[in-house]
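Okay, so here's the structure we're looking at.
The basis for the numbers below is simple: all heavy atoms, side chains too, and nothing from hydrogens, waters or symmetry mates. Atoms within each ligand, like the ligands themselves, are counted from 1 in listed order.
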Amino acid sequence: MQATEIFQITDNEAGLQLNADGSLRHLLTLKGLDKTMLIELLDESQKFISPFGAIPARSRTLEGRTVANLFFEPSTRTRASFDLAAKRLGADVLNLDVNTSSRKKGESILDMIYTLQAMHVDIMVVRDASANVPAYIARHVNDYVSILNAGEADVSHPTQGLLDLLTIRQHKGEFKGLTVTIVGDIMHSRVARSTAHGLNTLGVGELRLVSPAALAPDPNEMPFASLTHNLDEGIRGADVVMALRIQRERIESLEGIPGIEEYFANYGVSAKRLELAAADAIVMHPGPMNRGIEIESSLADSPASVITQQVTNGVAVRMAVLERVSKTMAVN
Ligand code: CP
């Protein structure tokens, strides 16, 4: 049985991730990263994009460094892309099997981290279902170790936010003047939070959040975004429409939405609904998708969809982030 640990942090999470000179030490959240830093990370990511069929972009920047992937929650995209990103930069990569790790036997997360640190792991990529875990670890590691948040409860998923920003920029260029609609379970979405904060920092024209009332965020949480429960209203004229995954069991608890068909009728992104958006609107989804629930299956595979491009960009963004923290890493 896993021991109960309290992951409290006393520092400001956003401040904790920067060195005194403003360079990136850890990546814990997009909150607190300024526009210059975000644009630099997007520019650096863009350099790692290669045409399909060509050998993917690679470098030896992380040669001699060790990256450990510590995923205590399921993942396909984030875990595989961090693994590929680190290998394409020449790092040694350790993918810890959570089912056979000693954390299952009750070892504390800090003892596990200190164990890996003692093996010269330089960068730890962490996904956990509990809030504060990446910052809590960052607070305790030696000053030559970097922590990258790969998905933290419903709080933050900064590399997902960056890959969403990169995908939008590739299609739309400037953020100013864009209308972006994010629809679904906003309340529980770390993706919505990170992407929304990034869009706000980059000066998006208008950000609309659409969700059933029971899945709406606190209206004070993202004061820069508008909030509606009506998707037709929220999607009208949008340049970018992002559908979020909803857990099937949450649908059953929604007032007035007794099942999947009703959820899709009210909050599903379909080709018919997309007719209300801008003629060249793009459709996004962070994955994994529930086809036919939050997004029409044929729309997910249509020319308007950039969902697989988001996945491609995920590797490039993670290469850029790994490279950046490795450059500011203190020498042991
Ligand atoms: N978008 C995302 O985080 O997907 P995974 O859970 O597969 O990593």
Side-chain donor or acceptor of Y267 paired with backbone N/O of H229 under 3.5 Å = yes
Is the backbone N or O of L27 less than 3.5 Å from a side-chain atom of N149, with the two atoms forming a donor-acceptor pair by type?
-> no
Across all chains, not counting sequence neighbours, the salt bridge (Lys or Arg N to Asp or Glu O under 4.0 Å) partners of K87 are D83
Any ion pair linking K272 and D232 (charged N to carboxylate O, less than 4.0 Å)?
-> no
Identify all N/O pairs between ligand 1 and the protein with a separation under 3.5 Å and present them as a table of atom names and distances.
residue, atom, partner, partner atom, Å
ligand 1, 1 (N), Q160, OE1, 3.0
ligand 1, 1 (N), P286, O, 2.9
ligand 1, 1 (N), G287, O, 3.2
ligand 1, 3 (O), T78, OG1, 3.0
ligand 1, 3 (O), R127, NH2, 3.0
ligand 1, 3 (O), H157, NE2, 2.9
ligand 1, 4 (O), R77, NE, 3.1
ligand 1, 6 (O), R127, NH1, 2.9
ligand 1, 7 (O), T76, N, 2.8
ligand 1, 7 (O), R77, N, 2.9
ligand 1, 7 (O), R77, NE, 3.0
ligand 1, 7 (O), R77, NH2, 3.1
ligand 1, 8 (O), S75, OG, 2.6
ligand 1, 8 (O), T78, N, 2.9
ligand 1, 8 (O), T78, OG1, 2.6
ligand 1, 8 (O), R127, NH2, 3.1

Can you name the residues that form a salt bridge (Lys or Arg N to Asp or Glu O under 4.0 Å) with D280, not counting sequence neighbours?
-> K172
Tell me the ring pair (Phe, Tyr, Trp, His ring centres under 6.0 Å) pairs involving residues 23-68, sequence neighbours left out?
-> none
